[in-house]
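Contents: one structure, followed by commentary.
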Amino acid sequence: MPADLSGTWNLLSSDNFEGYMLALGIDFATRKIAKLLKPQKVIEQNGDSFAIHTYSSLRNYLVKFKVGEEFDEDNKGLDNRKCKSLVTWDHDRLTCVQNGEKKNRGWTHWIEGDKLHLEMFCEGQVCKQTFQRA
């Protein structure tokens with residue numbers, strides 16, 4: 001049975017966020033500000049339907065999807081690109097493949113112990129983030 005990712009999660013650590021943002025083509029000033037942020041994630045899970053809110057003092061982002069159904073994703077406020085996204089379960093890991101202008105792009109969420117883990121990847125760069133329940 002897939003994991004329950006529901007909850008409010010605060011960022012504990014982030015590794016290679018700069019490299020990931022460079023791969024996305026995010027400008028210098030935005031990268032410098034974004035590296036200082038400590039975003040909070042609120043994940044609402046109802047079966048295979050999800051709403052993932054990411055809140056920070058710079059920008060807020062919301063993505064809604066149903067596992068197994070491709071959807072159009074507008075990354076406005078992030079790198080401002082549009083892509084076709086498909087989220088699937090890989091055992092207890094929620095994995096998204098984002099097809100668009102940037103190659104090999106996507107993310108994976110999973111819980112290990114009492115921590116939420118997120119790996120975001122794009123064009124060979126991987127950012128690893130860890131969150132703790134609020």
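Minimum interatomic distance between Trp9 and Leu116 (heavy atoms only, all atoms of both residues): CE3-CB, 3.5 Å. Among all heavy-atom pairs drawn from Lys102 and Gly25, the shortest one is NZ-N, 4.3 Å. The nearest pair of heavy atoms linking Ala34 to Met21 is CB-SD, 3.7 Å. The shortest non-hydrogen separation linking Ser85 to Gln98 is OG-CG, 3.4 Å.
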Evaluate the criterion side chain to side chain contact (heavy atoms under 4.5 Å, CB included) for residue pair Cys83 and Asn99; output intermediate values, then yes/no. CA-CA 5 Å; Cys83 57; Asn99 291 307; 5.8 Å; no
Side chain to side chain contact (heavy atoms under 4.5 Å, CB included) evaluation trace for Met120 with Phe17: CA-CA 9 Å; Met120 300 176 289; Phe17 193 39; 4.0 Å; yes
Stepwise side chain to side chain contact (heavy atoms under 4.5 Å, CB included) check, Asn60 with Thr54: CA-CA 6 Å; Asn60 296 326; Thr54 304; over 6 Å; no
Given side chain to side chain contact (heavy atoms under 4.5 Å, CB included), test Phe50 with Ile43 step by step and report yes or no. CA-CA 7 Å; Phe50 282 81; Ile43 301 177; 4.0 Å; yes
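Residue pairs meeting the ring-ring contact (aromatic ring centres under 6.0 Å, His included) criterion with at least one member in residues 109-134, sequence neighbours excluded: Trp107-His109, Trp110-His117. Screening residues 24-51 for salt bridge (charged side-chain N to carboxylate O under 4.0 Å, His left out) gives Glu18-Arg31, Glu18-Lys32, Glu18-Lys35 as the qualifying pairs, with residues at least two apart or on separate chains.
Cluster note: Leu62 groups with no other residue, as no ILVMFWY side-chain heavy atom lies under 4.5 Å from it.
Listed by chain and residue number, Asp72 satisfy the salt bridge (charged side-chain N to carboxylate O under 4.0 Å, His left out) test with Lys84 (two or more places apart in sequence, or in another chain). With sequence neighbours excluded, the residues that form a salt bridge (charged side-chain N to carboxylate O under 4.0 Å, His left out) with Glu101 are Arg81. The side-chain contact (heavy atoms from CB on, under 4.5 Å) search around Leu58 returns Ile33, Leu37, Ser56, not counting sequence neighbours.
The number of heavy atoms from other shown groups lying within 6.0 Å of NZ (Lys66) does not exceed 12. Residue Asn46 qualifies as open at atom CG: its count of foreign heavy atoms under 6.0 Å is 12 or below. Heavy-atom contacts from other residues, nucleotides or ligands closer than 6.0 Å to NZ of Lys128 number 12 or fewer.
Between Ser6 atom OG and Arg133 atom CZ the span is 8.0 Å, to the nearest 0.5 Å. Between the NZ atom in Lys82 and the CD atom in Glu73 there is a gap of 12.0 Å [rounded to 0.5 Å].
If you check the side chains of Gln125 and Asn16, you find a donor sitting under 3.5 Å from an acceptor. A donor atom on one side chain and an acceptor atom on the other are not found under 3.5 Å apart for Glu119 and Thr108. Side-chain atoms of Gln132 and Asn10 form no donor-acceptor pair, as typed in the model, at a separation below 3.5 Å.
Although no hydrogens or angles enter the test, the distance criterion places a donor-acceptor pair under 3.5 Å between the side chain of Gln45 and the main chain of Leu5. Between the side chain of Lys103 and the backbone N or O of Cys122, no donor-acceptor pair lies under 3.5 Å. Remark: side-chain polar atoms of Asp15 are not paired, donor with acceptor, to backbone N or O of Cys127 under 3.5 angstrom.
Under the 4.5 Å side-chain contact rule for hydrophobic residues, Ile26 and Leu22 do not share a cluster. Hydrophobic cluster membership is shared by Val63 and Trp89, with clusters built from Ile, Leu, Val, Met, Phe, Trp and Tyr side chains linked at under 4.5 angstrom. In the hydrophobic cluster analysis, where Ile, Leu, Val, Met, Phe, Trp and Tyr join through side-chain heavy atoms closer than 4.5 angstrom, Phe71 is grouped together with Leu94. Both Tyr61 and Ile52 are part of a single hydrophobic cluster, where members link through side-chain heavy atoms under 4.5 Å apart.
Between Arg93 and Ile111 the shortest side-chain heavy-atom distance does not fall below 4.5 Å.
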